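In what follows, a single structure is set out as structure tokens and then discussed.
Chain letters run A, B, ... following the sequence lines, proteins first and then strands; every chain starts at 1. All figures in this text were calculated on a predicted structure; none of them were measured in a lab. In what follows, every heavy atom counts, from backbone to side chain, and hydrogens, waters and symmetry copies are set aside.
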2 protein chains.
Amino acid sequence: MTDAMPATRTRRGSSAQGRAEVRRELVAAAARLFDERGYEDTTVDDIAGAAGVGRRTFFRYFRSKEDAISPDHEGALARVAEVFATAHAGEPTTALVMRAGETVFELYTADPALSLRRYRVTHQVAALRDRESASVDHYRRLFTRNLRQRFAGSPDGDMRAAVTAAAVVAAHNLALREWLAAGAPDDGGRSCRERFREVAALLPGEPVRRADPLHAVAQRLEAAADRLERSRLP
Amino acid sequence: MTDAMPATRTRRGSSAQGRAEVRRELVAAAARLFDERGYEDTTVDDIAGAAGVGRRTFFRYFRSKEDAISPDHEGALARVAEVFATAHAGEPTTALVMRAGETVFELYTADPALSLRRYRVTHQVAALRDRESASVDHYRRLFTRNLRQRFAGSPDGDMRAAVTAAAVVAAHNLALREWLAAGAPDDGGRSCRERFREVAALLPGEPVRRADPLHAVAQRLEAAADRLERSRLP
DNA sequence: ACGGTAACGGCACTCCGTGCCATTAGCAAG
DNA sequence: CTTGCTAATGGCACGGAGTGCCGTTACCGT
């Protein structure tokens, strides 16, 4: 018999560009299907089929069905961490957190149309909203860790770090949501950043920092504890 | 043949107390199994079997496997909403949000041992951490909605609402985590509430409070030691 | 004693996510 | 051009979550 003709198609994912192309097609297919047919009524088979790949391949590009519609938070998280890591010790904390926060806007302003589609779908599906909340919380934790080190030595340092981090992340999200609700105007994210900057006026004042020998010891202990904590995460 | 003897056990879930009893047993079984065997390596069948009910019945008590280890956030959310709904219009906003926030502590302080077990399990499993983040975000949204109404008319009302809500929720979680890290001392949640109240000084528009920096260093040393101890526990 | 109600257990099903493996395109060396 | 290696692919099967359906049965009011 002439057999099933196993579809000798070009293997697009072989090269680096090929992988990027397949990934884009999967994202586009997922966004379109989630939007048209609804998230729950779209299976992974549907997405893979629409992109012209097998179901198994889908899971080689995304860890889960939800990941197909989520932006690359891992990459953005790494960039924010880099901002904190390379920051000059003398930079005012408020300026630093604003700079770190603005880094994340690019994740959305790079492709306004896609961001808009993601926004629409995400805010209609409870499961995706919750996933987004969890992702946002990862930023909050990252900010909190770094601020806790910066505020070390200040009275209420931990509380101040927690509050400041949460405030910055919340302001970021507010600016982002308003930008999306306005139709994601392609101004390079300027409207986003300007709105975001308003949070600076609402942040708690700069804590007192002193040249205290105990300060360095405490900071190193905290850093060690952080490393331990982080190394335990899978 | 003597057949399978369909286990003519008493139907505990028939009465209201029966339902509560079954639910408690399921929660206890889930907490124990998650703790001993790990979350991923525990199936719903295991939990149901340990509680002496069928798998199908488990899903009549909990929407998902994760729900078995989560506190009743829906109920707490409703109570917080009630606080906002019945608040006097003249009550200062800060006092109101503190009152609303404190309501949630009871969810944990009512059963310190169970809360401790939940905390341990939740912070070891990424899926449960993310779920917790999503639940917490529901509180943040509830606070934001009510504060937005209160701040309506103010020029930066929405931003203030977003920042204040995020700050209050973050402070609540910090107080809760510290209480849990301290072994959940059964003082009726007083330590929680006192720590939580410190956020009032950091809220937008409130004055900044200063304290003795040496005291802060000592506090941080203790906290760091706690984290070290905790991180090598399991 | 009896009939209605509601909880129960079991079965079958869909779908997500993963391990395994044979196939094959693409590429480099001979 | 041929050969051999590497890596992406897709198909298959499996475990587990969550759901719809249904016959059974304990409980309870009359």
Pairwise ring pair (Phe, Tyr, Trp, His ring centres under 6.0 Å) hits with a residue in residues 63-83 of chain B, at least two apart: B/His73-B/Tyr139
Is a donor from one side chain sitting under 3.5 angstrom from an acceptor on the other, for B/Ser70 and B/Asp67? no
Going by atom types only, do A/Asp187 and A/Ser191 share a side-chain donor-acceptor pair under 3.5 Å? yes
Could you work out which one of [options] sits closest to the side chain of [X]?
X	options	answer
A/Val22	C/dC8, D/dC12, D/dT9	D/dT9
B/Phe59	D/dT9, D/dA17, C/dG17	D/dA17
B/Thr43	D/dG11, D/dT9, D/dG16	D/dG16
A/Arg19	C/dC8, D/dA8, C/dC20	D/dA8

Less than 4.5 Å apart, side chain to side chain, heavy atoms only: is that true for A/Ser133 and B/Arg140? no
Would you say the side chain of A/Val53 lies within less than 4.5 Å of the side chain of A/Glu25, judging by non-hydrogen atoms? no
Ignoring hydrogens and geometry beyond distance, is the side chain of B/Arg60 in donor-acceptor contact with the base of C/dG9 at under 3.5 Å? yes
Has the side chain of B/Arg55 got a donor or acceptor atom sitting under 3.5 Å from an opposite partner on the base of D/dG16? no
Could you tell me if A/Arg177 sits above the aromatic ring of A/Tyr119, with its cationic atom closer than 6.0 Å to the ring centre and no more than 45 degrees from the axis? no
[X] [atom1] to [N] [atom2]: how many Å, rounded?
X	N	atom1	atom2	value
B/Phe62	C/dA7	CZ	P	15 Å
B/Asp67	D/dT19	CG	P	10 Å
A/Asp45	D/dC12	CG	C1'	13 Å
B/Lys65	D/dA17	NZ	P	5 Å
A/Arg56	C/dT24	CZ	P	19 Å
A/Glu21	D/dT9	CD	P	11 Å

Of residues 25-42 of chain B, the positions that come close to DNA chain D - non-hydrogen atoms, cut-off under 4.0 Å: B/Thr42
Which is more 5' along DNA chain C, the nucleotide nearest A/Val44 or the one nearest B/Phe58? Just name the residue. B/Phe58
Could you tell me whether the phosphate oxygens of D/dG10, OP1 or OP2, come under 4.0 Å of any side-chain nitrogen or oxygen in A/Thr57? yes
Under 3.5 Å, is there a donor-acceptor pair between the side chain of B/Arg148 and the main chain of B/Asp158? no
